[in-house]
Every structure is written in C-alpha cells, then in structure tokens.
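Working notes, structure below.
Just so you know, these numbers use all the heavy atoms, side chains as well, and skip hydrogens, waters and symmetry mates.
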Amino acid sequence: MNYTTEELRAKLEYSTQISDGLTQTSADGAALAFDSKYGIMFCAYMPGFQGHYGESRGKIALSCFPASQPTNIRFVTVAEGNDVYCENICGLGEGRVRVFYEKDSRAEGDHDNCYRDYDFLTDTLSEEQRVMVKHPDGSLEPLCLSAEFRYLEEQGYSNHKYVPTEQVGHCAYLRGEDGYTYGAAVSYYAEPILYRSADGGATVEFFAVCPYPAQYEFEYRFLNGKLYAIYRTDLDIGSIFFTSSGDMGKTWASPVAYEESIQCRPRMLIYNGHILTSCNYYNGDTQHRPAIQQGRTSIRLYYGENPDPNQNVVVADLYRPCGMVNICLADIMNELYLAYSTSELCLEYQNGNPAVRGKDAIRYVKLGCLIPD
C-alpha cells in the first residue's frame with residue numbers, strides 16, 4: 001500500500017515512547033531485534049541520567065514489548081559504568097536477546113567490548129562476557145582497536161586514523177542463510193572490517209575489508225548472492241555512499257553518493273526482496289540551529305539496489321520538528337516498524353554544550369507496508 005508523505009508523517013504523531021521517561025531524562029541510539037516465536041520486540045538504547053541532558057554514555061538499557069502494540073513495556077538495565085557506550089543487539093530466539101556495548105569509551109587504549117544475554121521468559125540477565133576474535137590458527141583475543149588495526153595492516157591498509165577515545169561504531173547484526181551471524185567493526189574513519197560469528201556474536205572471525213573509510217556508520221546486507229553496503233564519510237566530504245561486492249568482500253564497486261547533500265546515519269534492510277536504505281538528510285528549515293543539528297529532523301527511505309542509488313524510489317520522506325535521529329528499522333511480515341531518538345530540547349542549543357547534547361526519548365511506530373507499485 002502506498003502512503004502519501006502527509007499520511008506517513010501523521011503516523012509519527014502516534015508513536016509510542018519506549019524509553020523509561022520516569023527515570024531517564026534522555027535516550028539515544030535505538031537498536032531493534034524481533035523474536036518471531038513470542039512476537040516480542042527488543043530495543044537496546046543508551047539512556048541519559050535523570051535531570052541531565054548530556055551525552056548518553058553511562059548506561060545501556062533494554063525495553064521489551066509486544067511488537068505490534070507496545071504496551072506493558074518492560075525496562076531492563078543491562079550495564080552501568082564509566083562511559084558505557086555504543087549499544088548493539090542480536091536476537092538469539094526462544095525469547096532471548098544478546099546486548100553488546102563498549103566500556104570506558106572515552107578512556108585511552110583498548111576498550112572492552114562486552115555483552116550480556118537477556119531471557120524474556122525468566123526475566124534474567126547473564127553475566128558480562130567479552131567479545132573475542134578468533135584467528136585462522138584458532139587462537140583468541142579480545143575484540144579491540146589494536147586487533148582491528150593489526151588486521152587492517154595485514155590486509156594492506158595503513159591510512160586509518162588512530163583516535164584513542166573513539167573505537168567502535170554501529171553495524172546492525174544480520175543472519176546469513178549459511179547460519180552465521182554477520183556484523184562489522186567500524187572504527188573512527190577507518191576501513192570497516194566485516195566479520196561473521198557462529199555463536200551469535202560472542203566470537204567473531206574477520207573475513208573482509210570494505211576499502212572505503214567510514215565515520216562510525218556502516219551497514220551491509222546480502223541479496224541474491226551479492227553484498228551491498230552503505231556508509232557515512234567525513235561530513236566535509238559530504239554524504240552517504242553506496243557500494244557492493246559480488247565476491248564476499250574481496251573486490252568492491254566504486255562508491256556512489258546519495259544525492260548532492262550532507263547526510264548521516266545510514267541504515268540498510270532487506271525488504272520484500274529488495275534493498276531498503278535510509279539516512280538522515282540536512283534540512284534547511286532548521287533556521288538558527290547549528291550545522292550538526294540540521295540532520296536531526298528528517299530522514300528518507302530508499303527502495304531498490306540500482307548501482308546509482310539516486311535512481312531508487314523514495315518510499316518515505318519523514319520529518320519531525322522535535323527531532324528524528326539514529327533510526328532503526330524492522331520488517332515484520334512486510335510491515336515496517338521504526339524506532340528513533342527525538343531531540344526536542346537539544347535542538348535549541350549549541351551542540352558544543354555537553355549539558356544539552358543528549359536526545360530526549362526513544363519512540364516507536366508502525367509505518368506499514370511501503371512496497372511501491
């Protein structure tokens with residue numbers, strides 16, 4: 001079914017807050033995982049401290065609710081500490097979900113990348129474990145910046161930046177038809193490392209490099225034997241780029257930019273047998289707001305895998321004056337669901353003030369079937 005832009009934007013007015021507004025002032029970075037057996041949606045996110053609108057770097061939380069109707073939401077604190085950051089999530093089935101996070105993200109040196117498993121049926125959390133890298137010789141070491149950069153250098157890449165207090169970006173996990181779980185290690189303006197895991201992300205194996213440096217944000221998916229990827233470059237360069245590989249990441253097509261504008265926060269999904277991508281785009285109606293805030297109110301969803309992504313169909317152009325940023329998409333029986341962070345308060349302040357950089361809430365809405373004619 002096709003919806004007009006006005007109808008889709010109206011749906012946003014009926015979104016539901018799925019972060020705990022009673023104890024958390026702000027929240028950022030939604031990541032979704034759906035359990036089809038029990039119809040439960042899990043959302044991992046980073047809540048801000050109560051009474052403070054600073055960056056959300058002190059806690060990782062999880063909300064759980066019926067996917068079709070977010071009522072009786074259950075809130076779980078997964079991790080707390082000094083700068084826990086960069087949540088990610090992987091559904092394990094049978095009512096279980098694995099939540100990943102980075103510890104001491106602003107400290108120098110190698111940071112711990114950890115996870116805990118949550119069982120919805122018993123309402124229990126497992127003990128914290130470290131994510132490990134398995135090397136071809138069978139040896140293991142913790143997933144960390146030095147392991148990533150050593151692999152890049154072994155593959156012939158040496159132009160990456162070393163930023164000691166910013167290490168791992170966000171790449172949504174995906175299940176392959178071969179039984180592996182796929183993800184990526186994305187450091188600040190380095191080439192993304194693709195990896196796979198036979199145990200739900202607890203132990204990962206590096207298998208390829210996307211040769212184009214990304215700024216934290218990178219996603220990839222498999223479709224018809226081909227690998228598609230979307231990533232963000234440095235904002236001074238200007239955009240989100242799209243590329244593909246037909247040989248599991250050994251060689252890649254020349255990247256193509258989405259539109260002629262500054263964009264950020266790309267996401268990618270397989271939807272009705274096609275590629276669905278999305279990104280925030282910079283909206284000129286932000287008036288007096290600083291440049292970094294101008295991409296926090298509007299997103300577009302593109303449908304198709306044309307080598308020139310500018311030729312793909314825009315199936316949604318969404319806007320909220322109170323902010324729409326760091327979105328996450330889920331496909332449940334061809335119905336699209338969207339989670340996003342709002343930014344109503346911080347949009348009115350200069351981004352350089354750390355007391356107001358945080359987002360206000362995580363919200364969730366059903367967009368419906370957006371398959372074009």
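Lys59 and Glu80 are joined by a salt bridge, as a carboxylate oxygen and a charged side-chain nitrogen come within less than 4.0 angstrom of each other. Classification of Arg300 and Asp317 as a salt-bridged pair holds, one side-chain N sitting under 4.0 Å from a carboxylate O.
The main-chain N or O of Tyr45 is never found under 3.5 Å from a side-chain atom of Asp28 such that the two would form a donor-acceptor pair. Of the possible polar contacts, none joining the Thr77 side chain to the Ala79 backbone as a donor-acceptor pair under 3.5 Å is found.
Between the side chains of Tyr303 and Asn272, at least one donor N or O lies within less than 3.5 Å of an accepting N or O. A donor and an acceptor atom, one from each side chain of Asn310 and Asp308, are located under 3.5 Å apart. With 3.5 Å as the limit, one finds no donor-acceptor pair spanning the side chains of Ser63 and Tyr364. Using modelled atom types, one finds no donor on one side chain facing an acceptor on the other under 3.5 Å when comparing Asp360 with Ser26. Checked by atom type, the side-chain pair Arg265/Asn326 shows a donor-acceptor distance below 3.5 Å.
By the 4.5 Å heavy-atom criterion applied to side chains, Asp104 and Asp112 are not counted as neighbours. No side-chain heavy atom of Glu191 sits under 4.5 Å from any side-chain heavy atom of Tyr231. Annotation: side chain of Glu7 is not in contact with side chain of Lys11 (no heavy-atom distance under 4.5 Å). With a 4.5 Å cut-off on side-chain heavy atoms, Leu329 and Ser278 count as touching.
Side-chain rings of Phe65 and Phe42 stay apart, their centers remaining 6.0 Å or farther from each other. Aromatic pair Phe100/Tyr173: centroids less than 6.0 angstrom apart. Checked against the 6.0 Å centroid threshold, Tyr85 and Tyr101 do not count as a close aromatic pair. A distance below 6.0 Å separates the ring centres of Phe222 and Tyr182.
Minimum heavy-atom separation, Ala229 to Met268: C-CE, 3.8 Å. Between Ser341 and Gly29, the closest heavy-atom pair is OG-N, 3.2 Å. Considering every non-hydrogen atom in both Arg98 and Gly201, the closest pair reads NH1-N, 4.3 Å. Closest heavy-atom contact between Trp252 and Leu227: CH2-CD2, 3.2 Å. Minimum heavy-atom separation, Cys328 to Leu32: SG-N, 3.3 Å.
Annotation: cation-pi geometry satisfied between Arg196 and Tyr180 (NZ/CZ under 6.0 angstrom from ring centroid, within 45° of ring axis).
Other residues, nucleotides and ligands contribute only 12 or fewer heavy atoms inside 6.0 Å of the CG atom of Asn72.
With sequence neighbours excluded, no residue forms a salt bridge (charged side-chain N to carboxylate O under 4.0 Å, His left out) with Glu205.
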Table please: side-chain donor-acceptor pairs of residues 333-340 below 3.5 Å, with sequence neighbours left out.
{"residue": "Glu335", "atom": "OE1", "partner": "Cys369", "partner atom": "N", "Å": "3.1"}
{"residue": "Tyr340", "atom": "OH", "partner": "Ser15", "partner atom": "OG", "Å": "3.2"}
{"residue": "Tyr340", "atom": "OH", "partner": "Arg320", "partner atom": "NH1", "Å": "2.8"}

